[in-house]
K.L.:
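Here you go, one structure.
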Amino acid sequence: MPEPIALIDCNNFYVSCERVFDQRLLGIPVVVLSNNDGCAIARSEEAKVLGIKMGEPVHLFRDKVERHGIKILSSNYTLYGDMSRRVVAALHAFSPSLEVYSIDETFVDMTGFGSRMVPHAAAMRDAVRTLTGIPTCVGIGPTKTMAKLANHAAKKNPVFGGVCDMMEKGVADFVMRRIEVGEVWGVGSRTEAKLASQGVRTVSDLRDMPMALARKVGTVVLERTVAELQGVRCLDIEDVEPQRKGMAVTRSPGVPITDLDTMCRAITAHATRAAEKLRNHDLVAGTLTVFYHTNPHRPDRPQRHASRSLALKPMSSNTFDLVEAALRGVRSSWRSDKPYGFTKAGVILDDLLKPDEAPRMLFEPLKPRKAQLMNALDQVNDRFGKKTLVLASEGFDRRWHMKADMRTPRYTTRISDLPVLRV
DNA sequence: TCTGGGGTCCTAGGACCC
DNA sequence: TCTGGGGTCCTAGGACCC
């Protein structure tokens, strides 16, 4: 049996972050909305009980909001990102090997804890709770897939008291027979439907299905999942961050974009942000794709999906290079044959490399981009706040900005937003 | 009427994740 | 009227090579 892996996962993370700073949110139904205040992406237990589904558009449950006094909040990613960092900082004391899997989940290598595993996991939960105020659950298993499943069980079944250890075969069997296959990490709705037609409904059905059939139904990915459910480790803890392959900045404007000028301002802002992200990761990009499209939920209106990919030569992370390419893409694809209203636009970067790995040009550009200028730009915006310095083509007209009418303060990252204590 | 075998590389699209 | 944003991996099929 492989050494144990734990997955620690924050309960209703975004809602929990909000509750740390506003006690009035405790005990009542709370929902955090996606960007642009579109749909529910985090729900308190009370909101789940009321039947609010993950990803449900807010206009479809507006009646429940009124009727049950649900508290609705815009998402505050600055706050959640900072709280996530604090949670991970608390976990470093518990294992030398961690993999931060997402904003609210971390895999922890539990090698060497033997019979003291469950107390160790409980201590981890206590530390996170004490240091950040965030409640968590822990799942333990011989593989990542089983740790994920154990975590699900720890969340759903109070019998586990917040820590479920599936290293014991009895526990694993108990859990797998009671959970539907769609809950397994890597089994989405498509695969679930295909499995159902083969009579595979519970996790134990999946664990016991023939490998060859698993491969036929869901390629090597599902085959690997079956092996992991049998306790055969296929996925290791990745404690060094792999180099990323792509990067995207996409947004839905608060009101549809109908004219080229506004689109150019929005795209300038997205390309600018993309360039900042590139420089933060110390990468350069070889390909830039710019796209924009109309609302696919409104087939009664003129529809258009536009997209242009451009090669960046030389590869670059320079704001001027990226904005120039992105605007070229917008202008060359723009059409005014119909009154389009674009509800999404973005910039995607691919072929990312470290600057010293990027191919050199045989003929260097006549006016080489200066790294110093970008450093200055980043430093000004770091010190005086985002968007202090922007390109002229972004302008100051913010009509295309996203909606976020119910966002809480950036309690932990803005001096002006610090909570005030009155005694 | 007859028309090989064995590769690589790239891209689009599907499926999944949080 | 209102439906998020940002990722990864795998496969099939076409283009191309000798």
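We name chains A, B, ... by the order of the sequence lines, and we start the count at 1 in each one. Given the structure is predicted, the values throughout are model-derived calculations rather than measurements.
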K.L.:
Among residues 242-273 of chain A, which residues get a heavy atom nearer than 4.0 Å to DNA chain B?
P.N.:
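Of all residues in residues 242-273 of chain A, none places a heavy atom under 4.0 Å from DNA chain B.
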
K.L.:
Base, sugar-phosphate alone, or nothing: which one does A:E56 contact when heavy atoms must sit under 4.0 Å apart?
P.N.:
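Counting heavy atoms under 4.0 Å across all strands, no contact is made by A:E56.
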
K.L.:
Applying the salt bridge (charged side-chain N to carboxylate O under 4.0 Å, His left out) criterion to A:K148, which one of A:E183, A:E228, A:E105 satisfies it?
P.N.:
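Answer after filtering A:E183, A:E228, A:E105: A:E105.
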
K.L.:
Contact boundaries of DNA chain C with chain A (under 4.0 Å, heavy atoms), 5' to 3'?
P.N.:
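First and last nucleotides in contact are C:dC2 to C:dT11.
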
K.L.:
Taking the same atom, P, in C:dC18 and in B:dT3, what whole-Å distance lies between them?
P.N.:
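Comparing P positions in C:dC18 and B:dT3 gives a spacing of 24 Å.
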
K.L.:
Got a sec? Which of residues 296-304 of chain A come in under 4.0 Å of DNA chain B, heavy atoms?
P.N.:
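Within residues 296-304 of chain A, no residue comes under 4.0 Å of DNA chain B.
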
K.L.:
Closer to the 5' end of DNA chain C via nearest nucleotide, is it A:M54 or A:V220?
P.N.:
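The residue closer to the strand's 5' end, by nearest nucleotide, is A:M54.
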
K.L.:
Hey, could you give me each pair passing ring pair (Phe, Tyr, Trp, His ring centres under 6.0 Å) that has a residue in residues 232-288 of chain A? Not counting sequence neighbours.
P.N.:
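Residue pairs passing ring pair (Phe, Tyr, Trp, His ring centres under 6.0 Å), neighbours aside: A:H270-A:W400.
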
K.L.:
Cut-off 3.5 Å, side chains only: do A:N295 and A:T343 have a donor facing an acceptor?
P.N.:
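No pair is found: no donor N or O on one side chain lies under 3.5 Å from an acceptor on the other.
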
K.L.:
Check every strand shown and say whether A:T343 touches a base, only sugar-phosphate, or nothing at a heavy-atom separation below 4.0 Å.
P.N.:
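Since no nucleic acid heavy atom lies under 4.0 Å of A:T343, the category is nothing.
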
K.L.:
Tell me if the centroids of the rings in A:H305 and A:F291 come within less than 6.0 Å of each other.
P.N.:
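Not under 6.0 Å, so no.
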
K.L.:
Tell me, which of residues 176-184 of chain A have any heavy atom that sits under 4.0 Å from an atom in DNA chain B?
P.N.:
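Under 4.0 Å from DNA chain B: A:V184.
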
K.L.:
Could you tell me if A:S16 and A:N11 have a donor-acceptor pair between their side chains, going purely by distance under 3.5 Å?
P.N.:
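Looking only at side-chain atoms, A:S16 and A:N11 do not form any donor-acceptor pair under 3.5 Å.
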
K.L.:
How about A:E180: does its CD atom have over 12 heavy atoms from other parts shown lying under 6.0 Å from it?
P.N.:
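Not buried by this count: 12 neighbours or fewer within 6.0 Å.
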
K.L.:
So that I can compare with my own list, what are the stems of DNA chain B, taken as at least three consecutive Watson-Crick or G-U pairs with distances under 3.5 Å?
P.N.:
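Result, WC/G-U stems under 3.5 Å: B:5-18 with C:5-18.
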
K.L.:
Regarding A:S74 and A:D37, do their side chains bring together a donor and an acceptor under 3.5 Å, going by distance alone?
P.N.:
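Indeed, the side chains of A:S74 and A:D37 share at least one donor-acceptor pair under 3.5 Å.
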
K.L.:
Would you please indicate yes or no on a ring centroid separation below 6.0 angstrom for A:Y340 and A:W334?
P.N.:
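Centroid distance A:W334-A:Y340: not below 6.0 Å, so no.
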
